[in-house]
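Positions are given from 1, in the same order as the sequence printed here. Every number for a ligand or one of its atoms is a count from 1 in the order of the listing. Remember, predicted model here, so these are calculated numbers, not experimental data.
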Amino acid sequence: MTAHTTTLKIDDKVVDLPVREGTIGPAVVDIGKLYAQTGMFTYDPGFTSTAACESKITYIDGDEGVLLYRGYPIEQLAEHGDFLETCYLLLYGELPTPTQKADFDYRVTRHTMVHEQMMRFFQGFRRDAHPMAVMVASVGAMSAFYHDSTDISDPYQRMVASMRMIAKMPTLAAMAFKYSIGQPFVYPKNDLDYTSNFLRMCFAVPCEEYKVNPVLSRALDRIFILHADHEQNASTSTVRLAGSSGANPFACIAAGIACLWGPAHGGANEAALQMLQEIGHVENIPKYIAKAKDKNDPFRLMGFGHRVYKNYDPRAKIMQKTCHEVLGELGIKDDPLLDVAVELERIALSDPYFVEKKLYPNIDFYSGITLKAMGFPTDMFTVLFALARTVGWIGQWKEMIEDPSQRIGRPRQIYTGAPRRDYVAMAQRR
Ligand code: CMC
């Protein structure tokens with residue numbers, strides 16, 4: 001809603017700009033008509049001061065370390081709810097009643113199998129392909145397998161595509177894992193809950209019974225809740241931008257997965273564990289702290305810092321607790337990586353460099369140790385992030401498609417290349 005206007009003076013020109021207020025968080029200056037009124041663009045690389053959309057889904061207060069899904073604090077959802085309840089909340093805006101929850105669980109469960117032909121598609125990949133490469137390709141390929149849910153102007157097809165992706169992502173992720181280790185694919189089992197089913201598809205083999213450990217299943221389910229959405233981050237903005245052109249939902253989510261893969265974003269959990277392994281021992285920490293502080297060294301402490309959180313990432317606190325629970329359940333008493341992580345965190349939280357720059361541990365700092373203890377190899381970490389974030393991407397994509405004011409996203413630029421010049425024939429070039 002527009003609360004008031006503010007004025008902007010550029011040289012001798014004064015323009016009135018509407019100021020819009022959200023329910024919480026900073027107000028925004030609406031510059032939509034700035035170009036028409038002044039002939040000027042704004043310049044904000046990295047979007048540090050730019051709101052690209054209006055959204056009712058997720059709210060972050062980075063200074064206070066607050067994360068809300070549809071108004072509910074992440075701590076409460078992680079403590080009391082399950083992942084599919086969070087999915088329902090993100091998609092529909094309210095917590096489900098018992099009947100709604102049962103119906104939603106049923107609908108997701110009934111979509112977990114993938115088209116049998118997809119098995120053949122998987123077999124075209126090299127065994128050593130990174131599972132994120134396989135995920136980008138296989139989710140994009142869903143638009144070739146599920147043509148009947150690619151018409152974005154049809155609300156029914158949008159709903160079917162959404163359910164298909166939430167339901168099939170664990171199946172595809174488990175297939176990517178099984179393929180990489182040379183084991184047969186395990187079909188989903190619909191009497192298991194979402195996360196137990198995923199664990200079974202990852203770790204069961206046809207020659208023996210697999211019993212899901214409820215502590216690990218609950219811990220992974222909580223990890224999924226923590227990763228389910230995070231406002232307008234790089235991959236979500238990618239999904240929105242791809243979707244703004246009218247691209248089909250499978251293609252949009254594949255674009256989001258590709259963006260998530262980067263080490264500054266979802267790939268940080270893999271990078272954080274590799275860093276802990278490289279540090280190896282508590283006595284090596286000072287050397288790495290010095291490297292992280294050295295302006296001439298590109299090394300960064302992975303799992304530290306965040307564009308929005310300038311306080312402890314609320315997800316990191318829950319992740320740290322979950323990490324201890326998982327290691328306790330598995331009887332891992334002396335994990336040298338955990339020792340390194342705890343000491344690194346202690347030093348970084350008291351070192352003036354990190355304190356002044358407000359660099360706190362983020363969600364990725366403890367997730368790697370936890371997932372490794374559960375039996376996932378490092379290159380699967382970002383895949384698990386993608387699995388959980390799918391619902392956030394879909395919720396944000398749906399919100400955008402259903403917004404009547406939605407237009408194609410088209411940023412502008414400040415051009416600093418050569419001005420107009422005439423073509424020079426090859427023979428005359430020196
Ligand atoms: N280690 C050492 N120094 C750091 C780090 C770090 N991890 N992160 C930021 N800095 C310094 C940086 O050098 C800069 O210093 P100066 O002001 O002297 O130039 C200052 O802090 C601000 O950094 P920035 O790069 O301008 O901040 P940003 O908001 O653009 O980047 C970030 C945020 C997450 C990309 C960055 O903190 C980073 O690279 N962290 C490590 C990767 C990581 O853990 N990413 C996971 C993010 S959480 C999961 C997700 O949402 O995907």
Side-chain angles (χ1 to χ4, degrees), residues 44-50 57-63 65-67 69 74 132 223-239 256-276 278-279 285-320 340-341 344-345 347-371 378 381-393 396:
D44 183 19
F47 307 112
T48 47
S49 298
T50 298
I57 303 177
T58 295
Y59 174 77
I60 303 173
D61 183 333
D63 294 325
V66 170
L67 170 60
Y69 292 165
I74 188 69
M132 279 299 275
I223 294 174
F224 289 164
I225 295 174
L226 298 183
H227 286 88
D229 195 42
H230 213 225
E231 209 228 65
Q232 308 310 321
N233 55 82
S235 58
T236 302
S237 300
T238 301
V239 170
I257 298 174
C259 177
L260 185 75
W261 194 357
H265 192 6
N269 51 16
E270 190 174 339
L273 191 83
Q274 280 158 356
M275 178 194 75
L276 293 174
E278 191 186 316
I279 296 175
I285 292 176
K287 190 175 99 196
Y288 284 87
I289 294 269
K291 270 166 77 64
K293 292 188 325 195
D294 182 353
K295 278 250 161 273
N296 301 316
D297 191 323
F299 176 79
R300 282 187 168 200
L301 278 191
M302 299 313 284
F304 270 80
H306 197 274
R307 168 60 62 79
V308 181
Y309 292 120
K310 302 302 169 198
N311 198 325
Y312 216 109
D313 178 343
R315 303 168 303 171
K317 283 189 193 145
I318 308 168
M319 198 63 240
Q320 185 194 45
V340 173
L344 191 62
E345 180 182 356
I347 294 177
L349 289 179
S350 55
D351 186 297
Y353 174 92
F354 293 90
V355 173
E356 276 156 27
K357 292 187 191 304
K358 300 189 175 165
L359 298 171
Y360 290 85
N362 59 48
I363 187 168
D364 292 324
F365 191 58
Y366 282 102
S367 63
I369 304 175
T370 317
L371 297 174
T378 21
F381 295 175
T382 318
V383 172
L384 301 185
F385 191 158
L387 185 169
R389 183 57 58 85
T390 295
V391 65
W393 290 327
Q396 302 266 354

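- No N or O atom of His230 sits closer than 3.5 Å to an N or O atom of ligand 1.
- Contact annotation: Asp364 has at least one heavy atom less than 4.0 Å from an atom of ligand 1.
- Applying the 4.0 Å criterion to heavy atoms of Gly266 picks out, from ligand 1, the atoms 52 (O).
- Ligand 1 has no N or O atom lying under 3.5 Å from any N or O atom of Ala268, backbone or side chain.
- Annotation: Tyr309 is in aromatic contact with His230 [ring centroid separation under 6.0 Å].
- Atom 41 (C) of ligand 1 has its closest protein heavy atom at Phe304 O, 3.4 Å.
- Residue contact check for ligand 1: Phe299 places no non-hydrogen atom closer than 4.0 Å to it.
- Not a single N or O atom of Lys310, backbone or side chain, sits closer than 3.5 Å to an N or O atom of ligand 1.
- Neither the backbone nor the side chain of Phe365 comes within contact range of ligand 1; no heavy atom lies under 4.0 Å.
- Cation-pi geometry between Lys358 and Tyr360 is not met at under 6.0 angstrom from the ring centre and within 45 degrees of the axis.
- For ligand 1, one of its N or O atoms has an N or O atom of Leu301 under 3.5 Å away.
- Residue contacts with ligand 1: Ile363 is placed with no nitrogen or oxygen under 3.5 Å of a nitrogen or oxygen of the ligand (distance criterion only).
- Here Lys295 has side-chain heavy atoms under 4.0 Å from ligand 1, and that is the only part of it that gets that close.
- Residue Leu359 touches ligand 1 through its side chain alone, judged by heavy-atom distances below 4.0 Å.
- The nearest heavy-atom contact from the protein to atom 42 (C) of ligand 1 is Met302 CE, 3.4 Å.
- Ser237 places a side-chain N or O within 3.5 Å of a backbone atom of Gln232 that can act as its donor or acceptor partner.
- At distances below 3.5 Å, at least one donor-acceptor pair connects side-chain atoms of Tyr69 with backbone N or O atoms of Ile225.
- What sits closest to atom 21 (O) of ligand 1 on the protein, heavy atoms only, is Lys357 CD, 3.4 Å.
- Scanning the protein for heavy atoms near atom 50 (C) of ligand 1, the closest one is His265 ND1, 3.6 Å.
- Inclusion of Gly303 in the set of residues having an N or O under 3.5 Å from an N or O of ligand 1 is warranted.
- Atom numbering of ligand 1 starts at 1 in the shown order; those under 4.0 Å from a heavy atom of Ala264 are 45 (N), 46 (C), 47 (C).
- Here the straight-line distance linking atom CG of Asn233 with atom CZ of Arg389 works out to 5.0 Å at 0.5 Å rounding.
- When the heavy atoms of Arg300, Arg307, Lys291 are ranked by distance to atom 25 (O) of ligand 1, first place goes to Arg300.
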